[in-house]
Amino acid sequence: MAAVADGGPAESPALRIGILALQGDVREHERALVTLGATTVRVRRPADLVDLDGLVLPGGESSVIDKLSRAFGLREPLQAGIAAGLPVYGTCAGMILLAEELEDAIAGQQTFGGLDITVRRNAFGRQQESFVAALPLAMLGEEPVAATFIRAPEVVRAGPEVEVLARLEDGRIVAVRQGNLLATAFHPEISGELRLHALLLESAAVRRTTTPRAV
Ligand code: GLN
């Protein structure tokens, strides 16, 4: 940075945000995070989790991501990171992976867990029934979120520690937060909506100042 070249005080380095890159829409999240000034790391092996300030679990197919995460030895380190307070943002399949309980899972499907919610997979029908909603999300201000739903899940139960951030007009819960974990049933990254990623970066910045760098 210019300040360093000038001999001035070093600016703190960009936040390092991992994106679980086993399957799914990794590139769209990279674009959103880089636009917000973060450095991104594609997470495919346990070593990729070292020194992250936050993590995105992208949309895709949750049962495939689950299987691959076990095959690549990522399941346990990811769960350890979640338990240690790593800020994580899960979109769509990523929300499913953070849920403690699933409805309509395939046989043997597991999640990383952490969020005290029950999620019903494919709650809005098939791919053809994808839709974009202008979703009010009070904590992000008056401008509604451009939320893209693609074979999206729905939160059918939220535990007492879970903060419900957004509901569709019919009352269905589609965005939640609990401690270090943020999850949306929809994809903001597809429409260029940046405010949810900015929320992850806020938690990541807090964690960096309060936690020594090591997973
Ligand atoms: N239906 C997918 C699943 O169960 C999620 C779809 C998505 O991430 N867009 O994993």
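Order of appearance sets the numbers: ligands from 1, and atoms from 1 within every ligand.
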(request) Begin with the C-alpha distance, continue with both residues' side-chain angles, and end with the deciding distance and a verdict on side-chain contact (heavy atoms from CB on, under 4.5 Å) for Arg70 and Gln110. (result) CA-CA 10 Å; Arg70 285 186 265 156; Gln110 298 179 19; 3.4 Å; yes
(request) Compute the shortest N/O to N/O distance between Ser62 and ligand 1 and return yes if it is under 3.5 Å, no if not. (result) yes
Relative to the heavy atoms of [X], which atoms of ligand 1 are at a distance of less than 4.0 Å?
X     : value
Cys92 : 5 (C), 6 (C), 7 (C), 8 (O), 9 (N)
Ile96 : 3 (C), 4 (O), 10 (O)
Gly60 : 2 (C), 5 (C), 6 (C), 7 (C), 8 (O), 10 (O)
Gly59 : 8 (O)

(message) What I want to find out is whether Asp53 reaches Arg16 closely enough, with some N-O distance under 4.0 Å, to be called a salt bridge.
(response) no
(request) Considering only NZ, NE, NH1 and NH2 on the basic side and carboxylate oxygens on the acidic side, decide whether Arg121 and Glu154 come within less than 4.0 Å. (result) no
(request) Spell out, as yes or no, whether a donor-acceptor pair under 3.5 Å connects the side chain of Ser191 to the backbone of Ala146. (result) yes
(message) So does Glu76 get a backbone contact from the side chain of Gln79, meaning a donor-acceptor N/O pair under 3.5 Å?
(response) no
(request) Could you name the option among Asn122, Leu57, Leu102 that has the heavy atom nearest to atom 1 (N) of ligand 1? (result) Asn122
(request) Classify the ring geometry between Phe131 and Phe149 as parallel (under 30°), tilted (30 to 60°) or perpendicular (over 60°). (result) parallel
(request) Just let me know how Arg151 lines up against ligand 1, side chain, backbone, both or neither, with a heavy-atom cut-off below 4.0 Å. (result) both
